[in-house]
Chemist: 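Pasting a structure here, questions to come.
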Protein chains: 2
Amino acid sequence: MIEQEIITEEQKLAARYAKAMGHPIRMYILELLTKQACCYSGDLSEILPIAKSTLSQHLKELKDAGLIQGEIEAPKIKYCINRENWEKARQLFKRHFKI
Amino acid sequence: MIEQEIITEEQKLAARYAKAMGHPIRMYILELLTKQACCYSGDLSEILPIAKSTLSQHLKELKDAGLIQGEIEAPKIKYCINRENWEKARQLFKRHFKI
DNA sequence: ACTTTTGTTCGTAATTTAACGAACAAAAAT
DNA sequence: ATTTTTGTTCGTTAAATTACGAACAAAAGT
């Protein structure tokens, strides 16, 4: 055998998504985006009690994990859920929680 | 109003659970425990490619998040899912992912 | 009483995360 | 051609995470 892997790729991916969701601010953003399709980071910046640079970091993490995507609508950026990966995450957690 | 909270307690709790799940090792442990009821940490120690002290830390995190519980069966410790909190997490993620 | 088994705690180190303000970049508006 | 708006990047700091081996503790077995 080439490599004896104990932890599956699916578990790694599920952990990756979970980690991205593992902060109240990011959980808030994700829930907002599943409720209302899209939002501008400026809107979030007004609502959330954090510096805009911090918000930018959180958005980047969600983007890097693949859970959201940003579309330029100059000079703003419109953020939406990344449907494809969101569906993947949904399936993984569905199995994880046996829903 | 006393305090203008933007982020709900449910979002905080969901983020707490997500954070606990946000590591491949912990995801593996949780999935194992949902598949086979219980396990001893010694069993995990044999399977997983990490030091037993590191495993102990991961188990403590899952315990602190409330997702698992340990029962002493001297000299071993038997770990199980914490059914009550697991159900709470399941409900939170069910809503989060609209499952 | 001693040894073994089992798992935690301690001490340490490297890395990552979270947070801020300041500086910067890009494009729209004036 | 400036100014404004918008959001990222940079530099920094503090705290948390991940990891290890060594030391320790508790209880069972000999």
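Given the structure is predicted, the values throughout are model-derived calculations rather than measurements. First the proteins, then the strands, lettered A, B, ... as listed; each starts at 1.
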Chemist: Hey, are B/Lys88 and B/Glu10 close enough for a salt bridge, meaning a charged N less than 4.0 Å from a carboxylate O?
Modeler: yes
Chemist: D/dA26 C1' sits how many Å from B/Ile77 CD1, rounded?
Modeler: 10 Å
Chemist: Atom CD of B/Gln57 and atom C1' of C/dT16: how far apart are they, to the nearest Å?
Modeler: 15 Å
Chemist: Roughly how many Å is it from NZ in B/Lys52 to P in D/dC20, rounded to a whole number?
Modeler: 13 Å
Chemist: Of all the nucleotides listed (D/dC20, C/dA19, D/dT18), which has the minimum atom distance to the side chain of A/His23?
Modeler: C/dA19
Chemist: Grab the CD-C1' distance between A/Glu61 and D/dA16 for me, whole Å please.
Modeler: 13 Å
Chemist: Could you check B/Gly22 against A/Leu55 and say which one's nearest nucleotide on DNA chain D is further toward the 5' end?
Modeler: A/Leu55
Chemist: Rounded to whole angstrom units, what separation is found between the CG atom of B/Leu48 and the C1' atom of D/dC20?
Modeler: 16 Å
Chemist: Could you check A/Tyr28, A/Phe93, A/Trp86 and say which one makes a ring pair (Phe, Tyr, Trp, His ring centres under 6.0 Å) with B/His96?
Modeler: A/Trp86
Chemist: Closest approach to the side chain of A/Lys63, judged atom by atom: which nucleotide of D/dT8, C/dC20, D/dT18 is it?
Modeler: D/dT8
Chemist: Can you check the A/Glu71 CD to D/dG7 C1' distance for me, whole Å?
Modeler: 16 Å
Chemist: Applying salt bridge (charged side-chain N to carboxylate O under 4.0 Å, His left out), which residue pairs with at least one partner in residues 56-68 of chain A are found, sequence neighbours left out?
Modeler: A/Arg26-A/Glu61, A/Lys60-A/Asp64
Chemist: When you compare the side chain of B/Met27 with that of B/Glu31, does any pair of heavy atoms fall below 4.5 Å?
Modeler: yes
Chemist: Report yes if a donor N or O on one partner sits less than 3.5 Å from an acceptor N or O on the other, where the partners are the side chain of A/Ser41 and the base of D/dG7; otherwise report no.
Modeler: no
Chemist: Any donor-acceptor pair under 3.5 Å joining the side chain of A/Ser53 to the base of C/dG21?
Modeler: yes
Chemist: Which is more 5' along DNA chain C, the nucleotide nearest B/Lys60 or the one nearest A/Lys19? Just name the residue.
Modeler: B/Lys60
Chemist: Atom NZ of B/Lys78 to atom P of C/dT6: distance rounded to whole Å?
Modeler: 16 Å
Chemist: From CG of B/Leu59 over to P of C/dT6, roughly how many Å is that when rounded to an integer?
Modeler: 15 Å
Chemist: Could you please name the option among D/dA19, C/dG7, C/dT8 that lies closest to any side-chain atom of B/His58?
Modeler: D/dA19
Chemist: Look at the side chain of A/Ser56 and decide which nucleotide, out of D/dT8, C/dA19, D/dA19, has an atom nearest to it.
Modeler: D/dT8
Chemist: Base, sugar-phosphate alone, or nothing: which one does A/Ile50 contact when heavy atoms must sit under 4.0 Å apart?
Modeler: sugar-phosphate
Chemist: Less than 4.5 Å apart, side chain to side chain, heavy atoms only: is that true for A/Phe97 and B/Ile99?
Modeler: no
